[in-house]
Structure formats: structure tokens, C-alpha cells
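Contents: one structure, followed by commentary.
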Amino acid sequence: MKPSKKLIKVLFVLTALGGLVFAARLFGHGEALADLWWLAAAMVVFACIWDFWRLPKRFELEIERELPHNMALGVRSQIDITLINKHDFPLKMELTDYYPDCVDAVNLPVELAIEGNSKKVLSYHVLPAVRGEAAFGQTWVMIFSQLGLWQKTQKLGIPTSTKIYPNFAPIFQSAGIGLEHQIAQMGVHMQHRRGEGSDFHQLREFREGDSLRQIDWNATSRYRKPISREYQDEQDQEVIFLLDSGRSMRSKEEGRISHFDHALNALILTSYIALRQGDAVGIMSFGSEKRYIAPMKSPTRINHILNQLYDLQSDLTTSDYLSAAQHFLSYRNKRALVILITNVREEDTDDLVTATRLLSNKHKVMVASLRDMYFDNLLSKPVNSFNDALSYCGTLDSFQRRSRLLSKLQKSGVVVADSTPTMLHIQLVKKYLFLKRCSRF
């Protein structure tokens, strides 16, 4: 129990008035004012004693916190705190919640009052800034006496926690929509092909537009009419993501979500679409922390992927593409589409080219590279001074060297998806669906 700010202000004002009265008495005045001051001081002392005596030794206040089952990075979430006052009289208080550093909270602390023998629900919002486990401690409550002259701080409730996942909201918001419509909403347009996949589906009558190589001559002879073989896109395929978790992925655009988080969001969305297309999806991260998820099928396995990757973070380790490729080949020999997600830098040329050539011996390789928006913004600025010209030329030279590296990868048969972080998920889905429709795994 300690004095409140209100009591401190009252005492300060009373002391200041006492000083004025004392100064007046030095000049032979202020006898009446001195009597009034002593009366006011006596009333303040009496009010303090009465307010302190009325304050219960133990507050019958209960608090329950309700967290979301999980939260998504960069998506605002609501947290509800239920307060139950078991006293017959109302309580005034100031409340703040002990939230972790990985989230930003708004509207805290908050002042409120709750009537006697009643319940009140307080809500506030948090914005997750870092993926992983979010541990909330007890709730801090500063309860004021009836006159507000005293205050008592208590920690109530029990610690709780939840998980902060990558931004999976776009997946579940459109989970009930057809895949074609869902992808069209992203701005990706797919061209349908008829019966030109690689897996045999059925026999049917010859149709206008069918190629001669689709004709099944034995069936045609037997039925005495043209019969075509119909094929479907191969479903038993594997998509393996190699996710760079090194220091090149730690960049942030305007201090917001990191390149690694954008890459993880794109990986989750593309994995979901690939699983719905019937492909098996596997993931391997490379950096100081290596994680491996064996290829698996079924759209419901996206939950397993989320639980395995939600707390994976990038670190200060330098990416070693060749070592990652060798490590991956020790796991998988079956041909698959290998998607390497990274931030291509010009100094990585030799290592990256060697790694992709090694992977290309057994797999179809795609390199999805995040391009710093800093380059795009700097190249679009007008050149008004000599320093601007130097910055422009240096940026352009770096940009061109990076483009030559990507061109070199393309000439070696590697599929390249070069995109800004915010558009990576669309580019990744486009490239995957193009390869899928063309049966180019």
C-alpha cells in the first residue's frame, strides 16, 4: 500500500499553502489563514486515515485472460481480459497486461471502474512482430481506495501462452473457395490444357482438336471408331523447398517484416496450393539451424508444416549453398522440383551456380530470389546532384551484376523467380503452376 498520485498532489498543494501562510505570519498577518490551513490539514489527515481504514486488506478480484488459439505475424489480434469484482462496492483501478516483447500492444494501460458483484470484459489489441512462442505473464492491477488517496498493486491471473505463426490468414480465408478461383484472386491466370498430361486417365471417343498420337489404335480397331487416350497431369510429384535462413534474409523493408518472413509466407501458401494439387511437399532449411520435413501429401498436412516452421528464425550465418545442396542430396534421390528461396547476392555467384548444377543432375531446380526494394526505389529517384549520380551509378552496377547472375542460372536450365518481398508469393505460385501444367518437373 502506498500513496497515490492524487494524495501526493493534495499534500504538495497543502505544503505550498502552508509556506504562504508561514510567510504571511512573518510580516504580522495571516492569523485567520493559519487557522484555516490547520483545519484543512486536519481534514486531509482525517480523510487519509478514513480512506486507508476503509481499504480492504485483500481485494476479492479475479482476472481471466483469453488469448487467441494462435496468432499470425503482422495481423492484429484481440485479447480479452475478464474482471470479476466479488466486493459489494465498486472498484477503481488502472490495469496493464504483462505481454511479451514479440508483440506490440495498444490501449494499455487503461483506467476503469467495475461495479460491486459484477463482471467486466476489457479488450485490447496486439500486433505480433516476431514469430515463435508468445508467453504472457500475470496481469498487473493498481487498485485505488474509495477516495483515490491510496493505491495497491497486485499481480492477478495466471501466465498463459500462444503461438505466433507465419501469416497464414490468406490460406484460411480462402480455404473454402475453389483452387482456380482462389488463384485467380491472387492475379494468377492458369491456362487449361485438355488431356495432355503424363498419367493415363481414360479412353474416350476421338474429339476435334485431339492429336493423332492420342489415338489408341487397338481400341479403335476393336470399337470400329476413333478412340483417344486421355491423360491427366502427373499427381505423384514432389516439391521440395530449400529455405535460406542465413543473414542475407534478415533485411527489412522500412523496418517492417523481414525478407525471411516474406519468404516463409510465400512458402506456406505455395505448399498449400501444391498439396491441393496432389503433390507431396517437403522442406529443408539451411543456416545455423537445420530443419528437414520429409515430403508428404494431403492438404491437411499444412498444419504440420506450420507447427514445424512457426518458430524458425534467420540468423547471422553466411549461407553455404553448396553444402546445403550436398546435404539435401543425401536425403532425396527421387526426382523433384527443388525450389531454393534466397536473396541472391553477386558475391554468391560461384557457390550458387555450383550448387544449382549439382542439384540439376537429379532434380528440376527453381531459384526464387527476393530483390531489395531499396534498389528499385533508388533507381526510380531523379538525379539532381553529383552525389545522386554516384549513388545511381553504383546501384545500377550492382543491379546489373545481380541480373547477370540470374541470367547465368537461367541459361544453365534453372527456373528463376525474381521478385520484391511483398510479391514473392504470387511469383512463386505462378512459376510452380506453369511447371505443373507443362509437366516440367
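Quick caveat, the model's predicted, so the values are computed rather than measured.
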Before we go on, tell me: are the rings of Y292 and H327 under 6.0 Å apart, centre to centre? no
Can the ring centroids of F136 and Y98 be said to lie less than 6.0 angstrom from one another? no
Can you check whether [X] reaches [Y] side chain to side chain, under 4.5 Å on heavy atoms?
X	Y	result
K152	Q154	yes
H262	L370	yes
K431	M366	yes
V281	K297	no
L112	L83	yes
K430	I426	yes
L359	L242	yes

Using a strict threshold of under 4.0 Å (side-chain N to carboxylate O), is an ion pair present between [Y] and [X]?
X	Y	result
R65	D97	yes
E133	K163	no
E115	K120	no
R291	D311	yes
R247	D315	no

I'd like to know if the side chain of [X] reaches the main chain of [Y], judged simply by a donor and an acceptor atom lying under 3.5 Å from each other, with no hydrogens or angles considered.
X	Y	result
S285	L243	no
W150	F144	no
S419	L424	yes
Q138	G157	yes
H87	E60	yes
T356	L352	yes
R402	V344	yes
H363	A336	yes
S77	V126	no
S412	L409	yes

Which pair of non-hydrogen atoms, one from [X] and one from [Y], has the smallest distance, and what is that distance?
X	Y	answer
S251	R345	OG-NH2, 3.7 Å
L108	L95	CD2-O, 4.2 Å
V75	P128	O-CD, 3.2 Å
V414	S360	CG2-OG, 4.2 Å
T96	P109	CB-CB, 3.8 Å

Atom [atom1] of [X] and atom [atom2] of [Y]: how far apart are they, to the nearest 0.5 Å?
X	Y	atom1	atom2	value
I341	H259	CD1	NE2	13.5 Å
K362	K334	NZ	NZ	14.5 Å
Q326	L322	CD	CG	4.0 Å
I283	L267	CD1	CG	4.5 Å
E64	T139	CD	OG1	11.0 Å
I240	L340	CD1	CG	13.0 Å

Is there a donor-acceptor contact under 3.5 Å linking the side chains of [X] and [Y]?
X	Y	value
S248	N343	no
N117	D88	yes
Y99	D104	no
T162	N70	no
Y124	D80	no
Q151	K6	no

CA sep, side-chain torsions, deciding dist, call: C102, I164, side chain to side chain contact (heavy atoms under 4.5 Å, CB included): CA-CA 9 Å; C102 58; I164 300 176; 3.8 Å; yes
Step-by-step side chain to side chain contact (heavy atoms under 4.5 Å, CB included) determination, F241 to L428: CA-CA 11 Å; F241 292 91; L428 205 55; 4.2 Å; yes
Counting only heavy atoms from other residues, nucleotides and ligands, does the tally under 6.0 Å from [atom1] of [X] exceed 12?
X	atom1	result
F22	CZ	no
D101	CG	no
M423	CE	no
W140	CH2	no
W50	CH2	yes
L36	CG	yes

What's the verdict on side chain to side chain contact (heavy atoms under 4.5 Å, CB included) for I63 and T82, showing C-alpha distance, side-chain angles and the deciding distance? CA-CA 6 Å; I63 284 184; T82 303; over 6 Å; no
Show the numbers, then the answer: is there a salt bridge (charged side-chain N to carboxylate O under 4.0 Å, His left out) between R131 and D261? CA-CA 9 Å; R131 288 173 294 98; D261 287 315; 2.5 Å; yes
Tell me which one of T342, V353, T354 satisfies side chain to side chain contact (heavy atoms under 4.5 Å, CB included) with Y321. T342
Partners meeting salt bridge (charged side-chain N to carboxylate O under 4.0 Å, His left out) with E66 (sequence neighbours left out): none
Does S271 have any side-chain hydrogen bond (donor to acceptor under 3.5 Å, both in side chains) partners at least two apart in sequence or in another chain, and if so, which? none
Start with the C-alpha distance between I268 and I302, add both sets of side-chain angles, then the distance that settles side chain to side chain contact (heavy atoms under 4.5 Å, CB included), and finish with yes or no. CA-CA 8 Å; I268 295 295; I302 192 67; 4.2 Å; yes
